Amino acid sequence: MTGGGVRIGVYVCHCGGNISDTVDVKRVVEEVGKEPGVVTAVDFPFMCSEAGQKLVEDDVRSGRVNAVVVAACSPRLHEATFRAAISRAGGNPYMYYHVDIREECSWAHEGDREGATEKAIRHVRMAVAYLRRAEPLSKIKAASERSVLVIGGGLAGLRAALDLAEAGVRVYLVERSPFLGGNAARLGALKVFPYGRPAIDIVRSLIGKLVGRREVTIFTNAEVEAVSGYIGNFDVRIKVWPRYFKGKCAGDLARVCPKRARDEFYFGVAERTAILLPPFEGAYPDIPAIDINLCDRCGLCAKACPSVDLSQEPQTVSVRVGAIIAATGFRPYAPRNGECGRGLPGVITLHELVGALNKFGGIRVDGRAPESAVFIYCVGSRQRRAGGEGANEYCSRYCCIAALDAALHLRELLPGVRIYHVARDIRSYGVNELLYEAAGRLGDVFVKYSEEAPPRVERQGDKLVVRVRDVLTESVELEIPADLVVLVTGMEPSDGTAAIAERLKLQRGPDGFLQEVHPKLKPVETALGGIFIAGTAQAPRGVAETLASASAAAARAASLVLRGYVELEPFVAYVDASKCNACEACISECPYGAIEIVRAGSREVASVNEALCKGCGACIPACPNSAIQLRGLTSAQIEDMIRSALGHGRSA
Amino acid sequence: MRVDHRLADELRELGARNISQCYSCGVCTAICPLSEEGREIPRRMVRYAVLGLRDRLERSLEPWLCYYCGECTKSCPRGADPGALMMAVRRYLITRYDFTGISRVLYRSPLAEALLAAALFLAVVLGVYFLHGPVNLERVDMESFLPAGVVDAADIAVAATLASLLLANAYRMYRLTRRGPRLPLTAYITELVKTVPPHFFTQLRMLKCRGSVRDWVMHALTAYGYGIVFVLVVLFLRAIHAGVYPAAHPLRLAGYVASALLLAGAGYAIYGRARRSSVARQYSHPTDWLFLILLLLTTLTGVALHVFKYLNMPLEAYVCYAVHLGLAAPLLILEVPFAKWSHIAYRPLAIYFARLNELRARRLQPSP
């Protein structure tokens with residue numbers, strides 16, 4: 001349908017007076033009504049209203065019009081509205097051009113009625129020029145795999161994998177460390193507010209439900225090595241590192257090993273050997289693994305247990321999935337030496353406190369139970385970037401609550417303990433306010449410091465002293481004696497999160513966390529179609545929010561893959577085979593690897609994989625023969641539009 | 001400034017039971033009708049209390065400038081009860097001003113308080129029992145039973161002791177709360193005249209509290225009731241002992257008025273505290289009860305004494321007199337310098353001292 005076949009209807013909106021107070025809409029209608037191809041041009045107070053949409057629908061339905069221009073607000077607001085109206089009336093939604101004469105004309109040129117009107121006329125003429133060469137388009141359909149790759153076996157990954165499996169989706173769960181559970185498992189016996197259930201219970205129950213399901217394949221000690229393909233059809237290569245164990249072993253095998261390292265499961269407060277035993281009851285898998293970076297292959301363990309097999313090699317597994325969920329989690333902020341007393345005996349991080357409570361069932365400083373504890377908040381959060389230094393400007397969101405929770409836990413263990421919370425603010429939002437209230441009721445003291453005067457921690461004899469100016473008390477410098485100082489550390493993106501962003505080319509925000517497309521409109525989607533984010537890989541958050549975001553990501557992934565096909569916007573490149581001589585210039589320009597050379601009869605030509613193409617247009621200027629064009633925005637259309645904008649396009 | 005966690009515990013025992021619930025929103029200070037710039041109450045005092053900044057708290061006159069209307073407590077979103085904290089701080093300050101340490105014992109231990117009161121009661125009753133003069137059972141003859149000269153002498157001795165104790169404590173209060181340079185002598189005198197007598201005789205500052213008119217009236221009645229009794233005892237004891245007067249005699253009338261005022265005042269306070277009728281009466285410290293009960297009993301025995309005298313029941317009158325004096329002794333000796341009654345000095349003096357501090361601060365400011 002080209003040339004004379006296009007019957008264009010132009011509808012100019014007043015937007016109350018938002019447009020018509022500045023733009024002379026009657027003149028716009030009058031001028032563009034003269035354009036060739038325009039069969040009707042009208043103005044209306046509110047085009048987006050039901051009556052306004054009906055104008056378009058009626059004209060399309062009657063066949064009077066088969067291409068539509070609405071000149072109104074920004075296309076971000078209502079382009080979709082009118083495309084839908086055209087579809088409802090049986091027209092092609094891509095025979096449409098949305099002209100912005102509000103933000104770009106009436107608002108931008110308030111007080112210049114003449115100029116704004118002239119600009120509006122030119123914009124509408126450009127749209128008309130565009131539509132004169134427009135063709136009906138339809139969405140591209142591509143088959144989709146009914147399977148999802150979940151990267152990360154922490155709380156978010158487990159929840160997402162389980163949701164998907166329960167929806168009947170095939171799931172591949174890949175965990176980098178030798179055991180499932182992630183950071184949440186390391187919270188161990190600590191109850192997670194609200195509802196007082198130990199964190200490990202939540203993790204354990206997810207693992208229990210997940211393991212053994214037909215739809216689920218779990219890879220631990222494994223990494224996603226490479227991902228190619230596109231939404232609905234990703235090819236994934238997974239590297240599975242050897243555990244060096246064929247099965248379980250009797251006895252305390254870990255003791256045999258002479259090597260020592262900090263035990264990450266307890267946030268480094270305890271030691272481990274190179275033999276990593278399942279860290280908790282109900283861990284998966286229940287066979288040990290060897291930390292081969294620490295191991296020097298002395299062979300002592302192999303002598304003690306026949307299940308040890310140091311000859312195992314890494315394996316590579318390839319799977320094809322329709323969608324990917326990145327649930328690669330966080331790592332606790334590690335304070336610099338000297339930051340708030342870091343390095344002094346008795347100064348630990350919140351995570352280390354958690355580790356100690358889990359490992360030893362309590363906390364002792366110099367062999368004694370602490371009589372007083374000071375929690376210093378916002379360590380590694382809400383920092384100010386100074387002189388190009390890296391800084392975590394964000395609020396880590398979970399830490400106020402976690403610190404209050406830990407403080408209450410500490411008080412349960414040590415009823416007489418005196419607890420001071422040295423905080424910038426207490427952000428115990430929502431139901432967590434109850435924690436703050438409980439802490440106050442039990443006599444915890446809250447001190448507020450300002451960003452300019454962070455607390456200082458010093459050693460005085462056998463005691464620590466926290467010096468801080470209390471904003472709430474005339475900024476007087478307080479001297480708080482303490483046996484234990486807990487640095488309430490925030491979250492940073494984990495190494496796995498950084499690595500997966502690199503490998504999948506996912507966007508990261510200024511803070512390094514994976515970035516969603518839009519916090520409200522597409523909260524779990526990445527800019528790459530078919531790849532979703534769950535949990536703390538996206539932003540710092542607590543257990544409940546992590547679980548919710550994981551379920552959200554799982555639901556989005558499931559709704560994508562369960563349909564069996566994906567629909568893509570039709571604005572992609574296409575090759576005119578008759579003009580192409582397979583010079584490959586376009587291939588090297590394409591950032592998405594969407595173009596390849598194929599045989600077409602006797603000759604070779606370039607061909608675009610429509611599912612991979614994002615319609616960026618990089619290939620088009622590269623082609624010496626103008627053989628490659630963008631569907632829905634051809635060079636001819638663009639040229640016409642430019643001519644028309646300059647006032648030369650009337651005779652097309 | 002070193003924090004001291006024990007202070008909050010001490011104040012909790014003195015009545016500030018919920019203060020750790022405070023999250024420093026400042027609503028209490030915004031709503032307080034007596035809070036003024038530079039003397040913000042009660043939030044600042046709450047912070048001193050919670051953090052245990054004893055020095056800061058002891059240097060503060062603000063607790064005495066609060067008259068416990070309870071607006072802060074009513075508007076506190078956390079139920080931290082800042083009004084009770086201010087009251088507890090006043091109790092705490094009384095113990096800090098007192099150099100003898102007796103005050104601390106009274107406030108810390110209700111048992112010690114009761115024992116001391118009982119001991120004083122017994123000492124006086126036994127003293128009367130062993131030392132009284134001839135007992136005339138024909139008619140009531142106070143003068144021979146216990147000559148006014150003896151009672152007056154005892155009165156003067158007790159009054160002198162109590163006054164010097166109270167003044168010594170008041171001087172400690174002055175030393176603790178003084179801020180800034182010396183002022184010219186005239187300033188001390190003029191400000192003293194301008195602040196202390198007006199408040200001493202009217203307690204008008206109390207009326208700045210919202211809805212406090214009835215409390216102020218009752219407080220004034222009690223104060224004036226006591227004032228009349230004080231004048232009668234100090235100036236007219238001999239006449240009262242010696243004579244029998246017609247009902248309309250000024251001495252009898254004065255006695256009736258004073259008794260009525262004291263009974264009404266003490267009764268009102270006791271009834272309110274028992275019923276917890278207002279914010280200020282939610283929590284009563286043992287010292288509050290002892291004060292009110294002794295005041296009521298002393299008044300009642302005074303009334304009974306009068307009745308026995310005019311019904312000519314000598315033995316009853318003598319016994320009643322002994323008991324009356326026995327009750328008055330702990331009421332005055334314990335409460336005036338060491339406990340609740342000391343506010344008779346601290347309240348007006350705080351206004352005076354605060355004014356002096358204000359003048360000092362002004363002198364410290366650079367001249368324009």
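Per chain, numbering begins at 1; letters A, B, ... match sequence-line order. For clarity, every value in this text was computed on a predicted model and none was experimentally measured.
- Going from atom CD of Gln21(B) over to atom CG of Asp444(A) covers 10.5 Å, rounded to the nearest 0.5 Å.
- We find the NZ-OH distance between Lys448(A) and Tyr23(B) to be 13.5 Å, quoted to the nearest 0.5 Å.
- If you measure heavy-atom distances from Arg418(A) to chain B, the contacts under 4.5 Å come from the side chain alone.
- For chain B, the nearby parts of Val447(A) are the backbone and the side chain; heavy atoms of each come within less than 4.5 Å.
- For the atom pair CD1 (Ile426(A)) and OG (Ser24(B)), the distance works out to 12.0 Å, reported to the nearest 0.5 Å.
- Contact annotation for Tyr436(A): both backbone and side-chain heavy atoms come within less than 4.5 Å of a heavy atom of chain B.
- Few gaps surround CZ on Arg467(A); more than 12 heavy atoms of other groups in view lie less than 6.0 Å from it.
- Rounding to the nearest 0.5 angstrom, the gap separating the CZ atom in Phe446(A) from the SG atom in Cys22(B) is 11.0 Å.
- Residues Arg78(B) and Glu437(A) are paired through a salt bridge, judged by an N-O separation under 4.0 Å between the basic side chain and the carboxylate.
- Here the CG-OG1 distance, from Leu51(B) to Thr473(A), works out to 4.5 Å after rounding to the nearest 0.5 Å.
- Although no hydrogens or angles enter the test, the distance criterion places a donor-acceptor pair under 3.5 Å between the side chain of Ser20(B) and the main chain of Gly440(A).
- The choice from Arg12(B), Arg43(B), Met1(B) that makes the most heavy-atom pairs within less than 4.5 Å of chain A is Met1(B).
- Note that CD of Glu474(A) is 5.0 Å distant from CZ of Arg56(B), once rounded to the nearest 0.5 Å.
- Only the side chain of Leu53(B) comes within contact range of chain A, with heavy atoms under 4.5 Å apart.
- Both the backbone and the side chain of Arg2(B) come within contact range of chain A, judged by heavy atoms closer than 4.5 Å.
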